[in-house]
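Below is one structure, written out as structure tokens; the observations come after it.
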Amino acid sequence: MSKAVKYAEKAVVYAAKGAWGVFERLNRISPNPSFTPKWSEKPLLKSWQKEKPPLGWPRTTDSLCPKCVPEIRQQILDGKLPHEVLLNEKVGEIKAQIIERDGKILMVKDCPKHGHFEDVMSIDAAFFKHLEESFPGRDIRAHNDDKLHKHGTSTVTHGRGSVLTIDLTNRCNMMCDPCFMDANQVGFVHELTWDEIKTMLDNAITIKPRRQMSVQFSGGEPTLSPYFLDAVAYARKVGYNSVQAASNGIEFAKSKELCRAAAEAGLRYVYLQFDGIGNAANSHRKVGNLFDVKLQAINNLHEAGVEIVPVTTIINGINNEQVGRIIEFALDNPKKISFISFQPVSFTGRDEDITDERRYAQRYTLSHMAHDIKNQMGFGVPERDWFPISFMSTFSDWADLIHGPQAEWGQLSCGCHPNCGIGMAMMIDKETKEAVPVTAFLKMDQVAKDLAKVNDAARGKWLSVIGFALALLRNYDPFQAPTHFKITDMMKKMDKTFNATGKNYGSVKGDRTLEDIQKRRQDRWNFLFIAGMWFQDLFNYDFRRTEQCIIPYATQEGEISFCAYNTGIGWRNIIEKMHMTATLTKWYEEHGRHEIFAGGKNVGMTHVGHELVLNMEHVNSEANHTLDELGIAKNAREERLRAREEKMKQDAENARMAKLYREHVLGEKPVEGLVSLDSIAPAKPVAKQEGELVSGD
């Protein structure tokens, strides 16, 4: 774009500044009351009516003891305590302080029985403060939810935004570290029946505010469920316009037919496990050709019309150097990747009983991620370009306003705690691949403040549209935007995102076709959203986060916060045991064993080939050896093996010292004919077939 056009746009910006001054003064006169939409029994909230949890520091919050909780959970699993104790008592709860020390933010807490615990929440106090100060407040309190939200102190109390998660099965075709559910290791199968799936989806849409427009089928590996495709289709039928699957991609890589069938059923996104660029970067998952599998899955899914979201569990010393490489991969392939989700490790499942040494070495926070991206990519200023995910709720409030009181569903609203998740948006030219952070050319913090004033006045659809347009224009810098990006592109992108004017950009509803998908993909500009979602574990658990969870799990016992289900009290273990389908032995007898890829086994694929752009230097790089160099275990299995070896050494040393004591202190002589303990070699492990699992793997 010529400089003349940029200067012309600058003139438009100055005009918008003047027009905003007039609009804002008139907008303050006699604001309208909020209406009560069809999807809620409570009115829309004004900005000043939004509740906030205690923020800043030092502050005190409610947390959990990392040792008490597993002990009590095991008693429930063993039948020594009823699970109702979790509903009526504050099981394992202790107070925690959030403090600053040496420029870092820490959670510190003390259990009368188990002593002192502490862990880092942020390595950048200023960044932590910026995120909390940018939090716009909680969503409408959840209502009409008594039958589903009933989990004691773990109960979700605020909002109904983002994603409902349903685990179709706990069976998996991999054996990963880390794993939330300890898949393939719990000794039983928990797999939802068709009636249970339908009941969960039917129940979910009764909760208000009804704004949860996305449902994600997970597991285990959801594609192993015999009802996977039926579940996708039924979710679209009851009104979810964004149906997702959290998958390792193996079945999608193996079968183009499955990808096409999933797309026809209504699958819109696959949240694809994606730990780095190259097979070495994925080697900790113990599948020989896992990166090749990911590439084939992306190719097959995109070809079928399904969008892909790479999801990366980041662990210090395992793949922290990969964050920049994964973003570069997305920038190189803007027509296929429009969303990235990084998830700093949560020490739960197989990793719950972690040593302090490994926890301190592997801990990775949202602040680590923001700084790593800045250092590895050269963009992403932590306090300018990153905001809490909940920052977008102001924009959702505006969309709720313009869609009016008759809308069947509210807009997706990520009203989670500011410590839960962060996001940065990049505007990418699909033709030239030029990429610029949106916050480099658009003052988003001021746009949000301006938009809150528009929302609070509640002037109706078109005046609200004009107000938003003026807020965007007056905070826009054309000279910092991508070279070919125009004001009209910005307006079109916002209209497409929120469906403000009703223009057809391609349907996203249950009746969408491949033609709709292709129409939406024709946009030259890719709005790449880079998200970081940090799930809690017992070392940093905060009930203020749990109660406003935006990604609850649907279960046979109601809907439970993601962290309370997976990482806190551990409702998953309890509910799956309560409602288990069969023991593993009985399941194998009736259904046979499904294939498991582990121990370096390769996945066989019928079709091989893709058009993705790759940085071959990254593809051929070695795995991260940081922990090996430090002598620290990489996962729970290595810790168990090291502990076993240490015990064997200690036992041998104790036997040797006992022998010396008997000989030299008691004067005993060695008994003739007995074999010395030192001469007994440990038994060799039984050989196993490739991919076959034995206890302890």
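Counting from 1, the numbers follow the sequence of the chain as shown. Keep in mind the model is a prediction, meaning the values are calculated, not measured.
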Side-chain contact, heavy-atom cut-off 4.5 Å: [X] with [Y]?
X      : Y      : answer
Ile569 : Arg73  : no
Ile389 : Pro418 : no
Ser247 : Gln273 : no
Met200 : Ile166 : yes
Tyr565 : Asp167 : yes
Asn32  : Arg459 : yes

Can you list the residues that meet the side chain to side chain donor-acceptor pair (under 3.5 Å) rule with His403, with sequence neighbours excluded?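 Counting only residues at least two positions away or on another chain, His403 forms no side chain to side chain donor-acceptor pair (under 3.5 Å).
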Salt bridge between [X] and [Y], side-chain N to carboxylate O under 4.0 Å?
X      : Y      : result
Asp202 : Lys237 : no
Lys503 : Asp495 : no
Arg520 : Glu307 : no
Lys109 : Asp542 : no
Lys150 : Glu557 : no
Arg211 : Asp139 : yes

Give a yes or no answer on whether the side chain of [X] reaches the backbone of [Y] with a donor-acceptor pair at less than 3.5 Å.
X      : Y      : result
Thr206 : Asn203 : yes
Ser134 : Phe387 : no
Ser561 : Cys563 : yes
Asp145 : Leu148 : no
His149 : Asp146 : no
His190 : Phe188 : no
Ser162 : Ile551 : no
Thr546 : Ser154 : no
Arg236 : Tyr240 : yes
Lys52  : Phe135 : yes

* To do: Please test Arg363 against Asp537 for salt bridge (charged side-chain N to carboxylate O under 4.0 Å, His left out), starting from the C-alpha separation and ending with a verdict.
  => CA-CA 11 Å; Arg363 175 63 77 196; Asp537 52 45; 3.0 Å; yes
Distance-minimising heavy-atom pair for [X] and [Y]:
X      : Y      : answer
Arg138 : Arg544 : NH2-O, 4.4 Å
Gly56  : Glu132 : N-OE1, 2.7 Å
Cys172 : Asn248 : SG-ND2, 4.0 Å
Glu118 : Val108 : CB-CG1, 3.5 Å
Trp57  : Lys129 : CH2-CB, 3.7 Å
Pro37  : Leu44  : CG-CD2, 3.9 Å

Report task. Would you sort out whether Tyr505 and Asp516 count as a side chain to side chain contact (heavy atoms under 4.5 Å, CB included), showing the intermediate values? Result -> CA-CA 8 Å; Tyr505 295 97; Asp516 290 314; over 6 Å; no
Could you walk me through whether Thr365 and Ser367 pass the side-chain hydrogen bond (donor to acceptor under 3.5 Å, both in side chains) test, one step at a time?
CA-CA 5 Å; Thr365 69; Ser367 58; 2.6 Å; yes
Taking only residues two or more places apart in sequence or in another chain, which ones pass side chain to side chain contact (heavy atoms under 4.5 Å, CB included) with Asp195?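 Testing Asp195 for side chain to side chain contact (heavy atoms under 4.5 Å, CB included), a comparison that skips the adjacent residues, returns Thr193, Lys198.
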Is the distance between the ring centroids of [X] and [Y] less than 6.0 Å?
X      : Y      : value
Phe391 : Trp386 : no
Phe468 : Trp398 : yes
Phe543 : Tyr541 : yes

Take a 6.0 Å sphere around [atom1] of [X] and say whether it holds more than 12 heavy atoms from other residues, nucleotides or ligands.
X      : atom1 : value
Lys443 : NZ    : no
Lys461 : NZ    : yes
Lys46  : NZ    : yes
Lys42  : NZ    : yes

Hey, could you give me the CD/CG distance between Gln74 and Leu77, rounded to the nearest 0.5 Å?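 So the gap between those two atoms works out to 5.0 Å.
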- request: Test salt bridge (charged side-chain N to carboxylate O under 4.0 Å, His left out) on Asp110 and Lys95 and set out the steps.
  value: CA-CA 8 Å; Asp110 292 278; Lys95 294 294 182 181; over 6 Å; no
Between [X] and [Y], a side-chain donor and acceptor under 3.5 Å:
X      : Y      : value
Ser346 : Thr348 : no
Glu51  : His158 : yes
Gln411 : Ser396 : no
Thr153 : Glu93  : yes

Item to complete: Show your reasoning for whether salt bridge (charged side-chain N to carboxylate O under 4.0 Å, His left out) applies to Glu221 and Arg171.
Response: CA-CA 6 Å; Glu221 172 53 44; Arg171 293 187 298 128; over 6 Å; no
### Message
Checking Arg512 against Arg268 for the side chain to side chain contact (heavy atoms under 4.5 Å, CB included) test, could you report, in this order, the C-alpha distance in whole Å, the side-chain angles of both residues, the deciding distance, and whether it holds?
### Response
CA-CA 10 Å; Arg512 77 173 187 149; Arg268 187 173 174 189; 3.7 Å; yes
>> Let's go through Val243 and Phe217 carefully: what are the C-alpha distance in whole Å and the side-chain angles of both, what is the deciding distance for side chain to side chain contact (heavy atoms under 4.5 Å, CB included) to 0.1 Å, and is it a yes or a no?
In response: CA-CA 8 Å; Val243 181; Phe217 294 110; 3.8 Å; yes
So, using ring pair (Phe, Tyr, Trp, His ring centres under 6.0 Å) as the criterion, who are the partners of Phe339 when residues are at least two apart?
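Partners of Phe339 by the ring pair (Phe, Tyr, Trp, His ring centres under 6.0 Å) criterion, ordered by chain and then number, come out as Phe529.
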Can you tell me how the ring of Phe562 sits relative to the ring of Tyr553, calling it parallel under 30°, perpendicular over 60° and tilted otherwise?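 Rings of Phe562 and Tyr553: tilted, as their planes differ by 30° to 60°.
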